[in-house]
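To keep things clear, I will list the structure first and then write my remarks on it.
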2 protein chains.
Amino acid sequence: MSAEERSAARGSRRAGHGRETQRAERRAVILEAAMQLIAERGYRRTSLAAVAERAGLTQQGLLHHFPTKELLLIGVLEARDRWDAAAAASGSWRTGTLAQLVEYNAARPGIVQAYTVLSADSVTEEHPARDFFEARFRAVREALAAALRAEFGDALPGGLTPERAAPLLVAVMDGLQLQWLLDPEEVDMPASFRDFLTLLGTGAAGEAEPGPGAGEGDREE
Amino acid sequence: MSAEERSAARGSRRAGHGRETQRAERRAVILEAAMQLIAERGYRRTSLAAVAERAGLTQQGLLHHFPTKELLLIGVLEARDRWDAAAAASGSWRTGTLAQLVEYNAARPGIVQAYTVLSADSVTEEHPARDFFEARFRAVREALAAALRAEFGDALPGGLTPERAAPLLVAVMDGLQLQWLLDPEEVDMPASFRDFLTLLGTGAAGEAEPGPGAGEGDREE
DNA sequence: GTCTATAGATTGATAGAC
DNA sequence: GTCTATCAATCTATAGAC
């Protein structure tokens, strides 16, 4: 009975799926639970027991998949980068894509919160994610500068070089996220980001004020 | 003997200084230690015992001045706002003042780190500093917008209204701090901020490119 | 007002049965 | 691969002597 219950709880083994797949699914469930909790409470206040409970196993079962809390954190960060692949991995960035990404983030406060809390937490001494974020920010700035250079050449319409615009773009995105998380009613993150693109001169300045009565484009539903 | 030792350890009571002053000095020492440690390790990883040790008293002595860890945190935040009064309290903001503030911050990574870690930490659930930062960001945006309006009227040279520029200014400052803390060699925070002021059209655009060979002004020594 | 002592809870991690 | 049981450390906070 208990064996059947456990088997059922894990989901019936589908044909053609080997143990590798099951293992990966289990890890994915754990990582999802960990990301949710880190977003809710921060990394340090998130206990392994709480993650395990939400993932539907015991703390010790969790430690079988991620031997330490630090390795679990790194797993979460890598998963977020995978999820975020459109922004971090491919070199095919354009400013329009960035505006879409901000739009996308504005609908997912949990993930944004996990990222905001973790990235700021990582500046503390000997934080396990410090190297990760340092490398990530550098890579993002470089990829962004390269993409801007490919699109606009040596200078953006606003006058900045791509290399000087890149850290500002990243800063605006992160800074707006913080204000928006604290006060979503007051801060219109996508609109503010479009304002910044307009300043840079890379934004679709025409689209910034689409005019009233247009029946297409911005509809949500 | 022990009474004399204790009296000596606290510093001899100077004439004209009452108990109130001693108490305030004691509190200031504790707050300084707490801010240092929060900057180094974050709020949650900072134990009361560690703060007490650095402040030169026991954990229980500390709890006499700040009955809970949360009240200590609030004390630190209020002290930072007092220290930061030039930026947060007075309504006499101008963009030149902001550039100076960024410059000033660039020389004080400890305080910037405490602020960055705490503000991001505060977005987590039921964080004791959440209300503080929500109110603070709102007040800063409003004061900034009012100052910009007084200086430039309904629209900045770059085209934005003061109310739309304000959250971007705050975002750039916070976002640059994060990147700079992680990688001070790579990120020139004051220069990037001046780039942003140039975009806004409020910056001293002439100073932005002083030209090579100038013997004055930007020297670091 | 500061101390010693300790309560009371939670944490990350290990050992070993099944 | 997941479980039960448990450890050792650490934390915030309280009680009471001096």
Side-chain angles (χ1 to χ4, degrees), chain A residues 1-13 17-30 33-34 37-38 41-76 126-128, chain B residues 1-13 17-30 33-34 37-38 41-76 126-128:
Chain A
M1 181 102 74
S2 71
E4 295 170 41
E5 273 178 359
R6 258 184 281 137
S7 183
R10 287 179 208 151
S12 59
R13 191 181 293 178
H17 279 197
R19 292 180 186 86
E20 296 294 312
T21 304
Q22 286 198 343
R23 218 176 82 107
E25 284 171 4
R26 199 69 150 142
R27 283 176 60 103
V29 170
I30 292 170
L37 281 165
I38 288 174
R41 316 163 48 113
Y43 168 62
R44 301 199 207 276
R45 239 196 336 183
T46 296
S47 70
L48 292 175
V51 174
E53 185 188 11
R54 188 166 299 192
L57 75 169
T58 64
Q59 183 214 152
Q60 296 73 13
L62 188 159
L63 283 173
H64 171 74
H65 294 277
F66 299 93
T68 70
K69 193 187 182 187
E70 183 173 330
L71 286 171
L72 175 61
L73 171 64
I74 291 171
V76 168
E126 310 225 358
H127 193 285
Chain B
M1 179 103 72
S2 70
E4 297 171 40
E5 273 178 359
R6 256 183 283 138
S7 184
R10 286 180 210 150
S12 59
R13 191 180 294 177
H17 279 200
R19 292 181 187 84
E20 295 295 312
T21 304
Q22 286 198 343
R23 219 177 81 106
E25 283 171 5
R26 198 67 150 144
R27 284 176 60 101
V29 169
I30 292 171
L37 281 164
I38 288 174
R41 318 167 42 117
Y43 168 62
R44 300 201 207 275
R45 235 192 344 180
T46 296
S47 70
L48 293 175
V51 174
E53 185 188 11
R54 187 166 299 192
L57 73 169
T58 64
Q59 183 215 151
Q60 296 74 13
L62 189 160
L63 283 173
H64 171 74
H65 295 276
F66 299 94
T68 70
K69 192 186 181 187
E70 183 173 330
L71 286 170
L72 175 61
L73 172 64
I74 291 169
V76 168
E126 310 224 1
H127 194 285

Practice task
Provide the closest heavy-atom pair for T46(A) versus R41(A) in the form atom of the first, atom of the second, distance.
Solution key: OG1-CB, 4.0 Å
Practice task
Determine: side-chain N/O of R45(B) to OP1/OP2 of dT10(D), distance under 4.0 Å, yes or no.
Solution key: no
Exercise for the section: Taking the side chain as every heavy atom from C-beta outward, state whether L63(A) and T68(A) have any pair of such atoms under 4.5 Å apart. Expected result: no
Exercise for the section: Calculate the interatomic distance between L62(A) atom CG and dG1(D) atom C1'; express it in whole Å. Expected result: 13 Å
Practice task
Round to a whole Å and report the spacing from CD of Q60(A) to P of dT6(D).
Solution key: 13 Å
Practice task
Using a heavy-atom cut-off of under 4.0 Å over every strand shown, decide if L63(A) touches base, sugar-phosphate, or nothing.
Solution key: base
Handout entry: Under-4.0 Å side-chain N/O to phosphate OP1/OP2 contact, H65(B) with dT2(C)
Key = yes
Problem - Distance, rounded to the nearest Å, where H64(A) contributes NE2 and dA15(C) contributes C1' - result: 15 Å
Handout entry: Student check: side-chain heavy atoms of L57(A) and H64(A) closer than 4.5 Å
Key = no
Exercise for the section: Could you tell me the separation between the CZ atom of R27(A) and the C1' atom of dG1(D), rounded to a whole number of Å? Expected result: 14 Å
Practice task
To the nearest 0.5 angstrom, please state how far the CD atom of E53(A) sits from the CG atom of L62(A).
Solution key: 12.0 Å
Exercise for the section: Could you check how far CG of L71(B) sits from C1' of dA13(D), rounded to whole Å? Expected result: 13 Å
Practice task
Rounded to the nearest angstrom, tell me the gap between atom NZ in K69(A) and atom C1' in dA9(D).
Solution key: 15 Å
Completion exercise
Atom CZ of F66(B) and atom P of dA13(D) are separated, to the nearest Å, by 14 Å
Problem - Spacing of L48(A) atom CG relative to dT6(D) atom P, expressed in whole Å - result: 20 Å
Practice task
Considering just the side-chain nitrogens and oxygens of T58(A), establish if one lies under 4.0 Å of OP1 or OP2 belonging to dC3(D).
Solution key: yes
